[in-house]
Amino acid sequence: MVHCPECDATLSEKTDVEFVEMDATTGFFAASKRFYLVACNDCGAAIGSGVAGAKR
């Protein structure tokens, strides 16, 4: 069983976390990749992040 490091909520299903796509268009250049953040649905703490392929 996995638990949130901040609030100790049980993270056992997809609905226990929120996947947030972060915009990468800051500055002069737009990034060619998508950035994601995974957050706890109970307290909103960031649990992980990642990068996906190029935008279309």
Side-chain angles (χ1 to χ4, degrees):
M1 202 58 71
V2 178
H3 294 88
C4 174
E6 296 292 323
C7 69
D8 207 33
T10 301
L11 307 173
S12 61
E13 297 182 17
K14 288 182 185 179
T15 57
D16 293 334
V17 294
E18 179 181 6
F19 291 88
V20 181
E21 184 176 345
M22 300 173 67
D23 192 13
T25 57
T26 58
F28 293 106
F29 302 101
S32 63
K33 298 187 183 285
R34 290 181 175 172
F35 298 91
Y36 294 91
L37 173 71
V38 180
C40 174
N41 263 345
D42 283 347
C43 71
I47 297 171
S49 61
V51 178
K55 288 184 178 181
R56 291 186 177 186

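Listed by chain and residue number, Cys4, Glu6, Cys43 satisfy the side-chain contact (heavy atoms from CB on, under 4.5 Å) test with Ala45 (two or more places apart in sequence, or in another chain). With sequence neighbours excluded, the residues that form a side-chain contact (heavy atoms from CB on, under 4.5 Å) with Asn41 are Glu18.
The minimum heavy-atom distance between Leu37 and Gly48, with the atom names listed, is CD1-O, 3.4 Å. The minimum heavy-atom distance linking Ala9 with Asp42 is given by the pair CB-OD2, 2.9 Å.
Counting side-chain heavy-atom gaps under 4.5 Å among Ile, Leu, Val, Met, Phe, Trp and Tyr, the cluster of Ile47 also holds Val2, Leu11, Val17, Phe19, Val38.
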